[in-house]
Amino acid sequence: MLDINRIRSNPEHVKEALLKRMEHVDFTELLQWDIERRQLIQSTDEKKAKRNKVSGDIPRLKKEGIDISDLLSEMKALSDEIKENDEALREVDAKIHQFLSSLPNIPAEDVVAGGKENNQVLRTWGEKPSFGFSIKNHVDLATDLKLVDYERGAKIGGNGFWVYTGMGSILEWALLNYFVEQHLKDGYQFLLPPHILTYQCGYTAGQFPKFTEDVYKVETGEANENMQFILPTAETALINYHRNEIMKEEDLPKKYFAYTPCYRKEAGSYRSEERGMIRGHQFNKVEMFHYTTPEQSETAFEELVVKAEKLVQGLGLYHRVSKLAAKDCSASMGKTFDIEVWIPSMNDFKEVSSASNAYDYQARRGNIRFKGANGKSKFVHTLNASGLATSRIMPAILEQYQQADGSVVVPEVLRKWVGKEILR
RNA sequence: GGAGAGAUGGUCGAGUUGGUUUAAGGCACCGGUCUUGAAAACCGGCGUGGGUUUUGCCCACCCUGGGUUCGAAUCCCAGUCUCUCCGCCA
């Protein structure tokens, strides 16, 4: 949600910024509604002031025995006018709210316009693995080593689901243990939130009302305001943890992380090269989340990116960091860096973490504030980053660590949980 | 799933036969007086959002959303959440 005051006082500036990610931006109607709204408030408030005053006088007049029947009918008429005004105000408020809540966040100054093609690779870490033999893809490796059962996954869950088995389950769980261990070491608070969330959570995160079709809805199937859905990422839960709260400035920044599976419909997004675990309907992810003051948010962003990178580096995986162009950032975010890991069989990098700064966009939607030293409350900034999603780390490990005989070396940091150096 | 109780400003808590309580009072917190300093005592301040002709005035908010009324924290309807007891249950 953008600040209407910001649009009112500088519409051209906001428009220019939004055009980096939108085709058309037109505030003409919005600004007209805004004027209407304030006129309505003024006239209604005047009427209400009069009503309050007369209502206060009535008991006294009654006591003095004065006939007030004319006054009462006059007040009845005034009361009706107030009702009409309130109704009109509700309508224009709704229009304004609908308009504002459908606008995406304003991209940061240094974020370039356009889509994916304008993404910029900031740095690449490690060396591109080279193999002296013909490599297997992760689906074959996982199947041959009996780490993942794709067939039975599809049998019991449908297309896009899999089952971790044997050492595959252990490796998956080792990854999660590794992530949790690192975040705890950095002093982050560990939350395990509900996996089923209310509509309001999706709204605050900025996923609703636009993307109700991307999530699995529970019970009613209707995308109304009473629906519940299964979370597509723990971010949706974490942003709502402090919804409608006023925090103390000295308690900021607040740093959380959570583990949840993530459930996504991914309708129509199936591509044959994304077989296996690259794009499933359910995957495991540890998510990091910060609540900060506006002054702290840039530092927090750096911290999140570095933390996500370190996790990938700890695993020894060849990867890169990209800065996304405006249209490639999700709607709530003003700036996003992706950490992408190398998948040899695809000859491409795939996202394993997306680190974003939402600035005050989500905080406005969720009414999340802090009280500053001057006693004034302001909206917090919220940031999130995966740390990490396993569903692309596992393929990267299998493929990057594979050997000529079809076995896979276990990354050093995972061995204390896996209990083996080589999977064969 | 059944029965009952409850939800008031940071916190406790009054008000629930509708109208000088259009939210008292205590505590906490902030400032001041007093004091060598502190405590105590006393004095003052102390919610959020919005509008505006902006050191002022006005409006809204007593869980949420409707309704009755000249007037609603108070009455009516619907819903949410919390607590207690019972039942069921991984």
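All chains are named by letter (A, B, ...) in the order of the sequence lines, taking the proteins before the strands, and each is independently numbered beginning at 1.
- Distance, A:D251 CG to B:G10 C1': 14 Å, rounded to whole Å.
- Rounded to a whole Å, the CG atom of A:D93 is 12 Å from the C1' atom of B:G49.
- Regarding A:D3, its CG atom lies at a distance of 13 Å from the P atom of B:G49, rounded to whole Å.
- Pairing for B:C63 is with B:G79, a Watson-Crick or G-U wobble pair whose two hydrogen-bonding atom distances lie under 3.5 Å.
- Distance from the side chain of A:Q42 is smallest for B:G51 among the nucleotides B:G51, B:G71, B:G49.
- To the nearest whole angstrom, the two P atoms, one in B:A40 and one in B:G26, are 16 Å apart.
- Atom CG of A:D86 and atom C1' of B:C61 are 13 Å apart (whole Å).
- At whole-Å resolution of the value, CG in A:N244 and P in B:C63 are 15 Å apart.
- Counting only heavy atoms from C-beta on, A:A49 has its side chain closest to B:C58 among B:C58, B:G66, B:C70.
- Distance check on atom P: B:G9 versus B:A73 gives 15 Å, rounded to whole Å.
- The aromatic ring centres of A:H242 and A:Y256 sit less than 6.0 Å apart.
- Figure legend. B:U68 is base-paired to no nucleotide; pairs are counted as Watson-Crick or G-U wobble with both atom distances under 3.5 Å.
- Comparing B:C89 with B:U74, their C1' atoms sit 42 Å apart, to the nearest whole Å.
- Across all strands shown, B:G18 has no partner, as no Watson-Crick or G-U wobble contact with both distances under 3.5 Å is found.
- Shown here, B:C57 forms a base pair with B:G51; the pair counts as Watson-Crick or G-U wobble because both key distances fall under 3.5 Å.
- Annotation: of the two residues near RNA chain B, A:A77 and A:N5, the 5′-most nearest-nucleotide partner is A:N5.
- In this structure, the nucleotide among B:C59, B:U48, B:C70 sitting nearest to the side chain of A:D45 is B:C59.
- Closest to the A:N52 side chain, of the nucleotides B:G47, B:G19, B:C59, is B:C59.
- Between A:R38 and A:D34 there is a salt bridge, since at least one side-chain N of the basic residue sits less than 4.0 Å from a carboxylate O of the acidic one.
- Between A:L71 atom CG and B:C70 atom P there is a gap of 11 Å when expressed in whole angstrom units.
- Here, B:C42 and B:U35 have their C1' atoms 14 Å apart, quoted to the whole Å.
- Of the candidates B:U48, B:C59, B:G51, the closest approach to any side-chain atom of A:S377 belongs to B:U48.
- For the C1' atoms, the distance from B:C61 to B:U22 is 12 Å, rounded to whole Å.
- Note on ring orientation: taking the six-membered ring where Trp is involved, the planes of A:F301 and A:F337 are perpendicular (angle over 60°, cut-offs 30° and 60°).
- At least one side-chain nitrogen or oxygen of A:K83 sits closer than 4.0 Å to the OP1 or OP2 atom of B:U68.
- Considering only side-chain atoms of A:I41, the nucleotide from B:G49, B:G50, B:A60 that sits closest is B:G50.
- For the side-chain contact (heavy atoms from CB on, under 4.5 Å) test with A:Y216, the passing option among A:R264, A:H281, A:Q282, A:Q228 is A:H281; the others fail.
- Base pairing of B:G1 is made with B:C86, judged by Watson-Crick or G-U wobble geometry with both donor-acceptor distances under 3.5 Å.
- Of the side-chain N and O atoms in A:T44, none sit less than 4.0 angstrom from OP1 or OP2 of B:C59.
- The same atom, C1', is picked in B:U80 and in B:U68; the two are 23 Å apart, to the nearest Å.
- A close approach under 4.0 Å does occur between a side-chain nitrogen or oxygen of A:R369 and OP1 or OP2 of B:G49.
- Side chain of A:R51, nearest nucleotide from B:G66, B:G71, B:C59: B:G71.
- Within the nucleic acid shown, A:K248 has no heavy atom closer than 4.0 Å to any nucleic acid atom.
- The separation between A:E46 atom CD and B:A60 atom P is 13 Å, rounded to whole Å.
- Contacts of A:R60 with the nucleic acid, taken as non-hydrogen atoms under 4.0 Å apart, are absent.
- If you check every strand for non-hydrogen atoms under 4.0 Å, A:K371 touches sugar and phosphate atoms only.
- In summary, the aromatic rings of A:H319 and A:F349 are positioned with their centroids too far apart to meet the 6.0 Å limit.
- When the nearest nucleotides of RNA chain B are assigned to A:I246 and A:R90 by heavy-atom distance, the more 5′-ward of the two goes with A:I246.
- Taking the six-membered ring wherever Trp is involved, the centroid distance between the rings of A:F208 and A:F229 falls below 6.0 Å.
- Comparing the C1' positions of B:G31 and B:G15 gives an interatomic distance of 31 Å, to the nearest angstrom.
- Taking atom P in both B:G4 and B:C77, one finds a spacing of 15 Å when rounded to whole Å.
- Checked against the 6.0 Å centroid criterion, the rings of A:Y188 and A:F289 do not qualify as a close aromatic pair.
- Between the P atom of B:U80 and the OH atom of A:Y199 lies a distance of 19 Å, rounded to the nearest Å.
- Side-chain atoms of A:L423 and A:L147, non-hydrogen and from C-beta on, do get closer than 4.5 Å to each other.
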